[in-house]
*Asks:* 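The structure that follows is given in the form of structure tokens.
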Amino acid sequence: MTLSRFFAILVLAVALVGCGDRHLSLPSPVSASGKITLANGQPLKNVRLMFTPIEAMAPASAVVKEDGTFALNTYDSKPGACAGKYRVIIQMDQSSPEGRTKSIAALKSVPEKYQQENSPLEVTIGSMGNTSIELKLDAK
């Protein structure tokens, strides 16, 4: 292969790589955590909370611990969430077979409306973060 042909292929390869999708410039996540309880005051546990953006830049999620507490993670598994408004959807924790089994039982105590895309739970995370998110579910 001649040097000029090699150079031409190299230039073409660099040009093609540069034509890919540009990454969206997302803001840095801020701390976001809290607690979720059922209508009877007991902590909800063993589920995944999906924070879908209403007026925010990226989704976030968290697995709820045994005591009902959670800490959000966002894009690239970064801790926290982007500032903005979110709808919270309660889903099955599918991170492990044990998590799925526990989630099936836990979701039986969660009213169906919180498991749907149009869940009435909404949360705003300010630019300084929100580490005291309190989610309280209504009775079934």
*Asks:* Can you confirm whether more than 12 heavy atoms, excluding those of Glu117, are under 6.0 Å from its CD atom?
*Replies:* no
*Asks:* Hydrophobic clusters join Ile, Leu, Val, Met, Phe, Trp and Tyr when side-chain heavy atoms are under 4.5 Å apart, directly or via other members; which others share one with Met50?
*Replies:* Ile89
*Asks:* Would you say the side chain of Thr52 lies within less than 4.5 Å of the side chain of Tyr86, judging by non-hydrogen atoms?
*Replies:* no
*Asks:* Determine whether more than 12 heavy atoms belonging to other residues, nucleotides or ligands lie under 6.0 Å from atom NZ of Lys65.
*Replies:* no
*Asks:* Would Ile104 and Val64 show up in the same hydrophobic cluster when neighbours are defined by side-chain heavy atoms closer than 4.5 Å?
*Replies:* yes
*Asks:* Applying side-chain contact (heavy atoms from CB on, under 4.5 Å), name anything that partners Lys78, two or more places apart in sequence or on another chain.
*Replies:* Pro29, Thr74, Tyr75, Asp76
*Asks:* Taking the side chain as every heavy atom from C-beta outward, state whether Gln42 and Thr37 have any pair of such atoms under 4.5 Å apart.
*Replies:* no
*Asks:* Is there a continuous path of hydrophobic side-chain contacts, each under 4.5 Å between heavy atoms, that joins Val63 to Ile90?
*Replies:* no
*Asks:* Are any of the side-chain heavy atoms of Val88 and Glu122 separated by less than 4.5 Å?
*Replies:* no
*Asks:* Determine whether Glu66 and Asn46 make a side-chain contact, defined as any pair of heavy atoms from C-beta on separated by less than 4.5 Å.
*Replies:* yes
*Asks:* How about Leu137 and Leu121: do any of their side-chain heavy atoms sit closer than 4.5 Å?
*Replies:* yes
*Asks:* Under a 4.5 Å cut-off applied to non-hydrogen side-chain atoms, are Gln94 and Arg48 in contact?
*Replies:* no
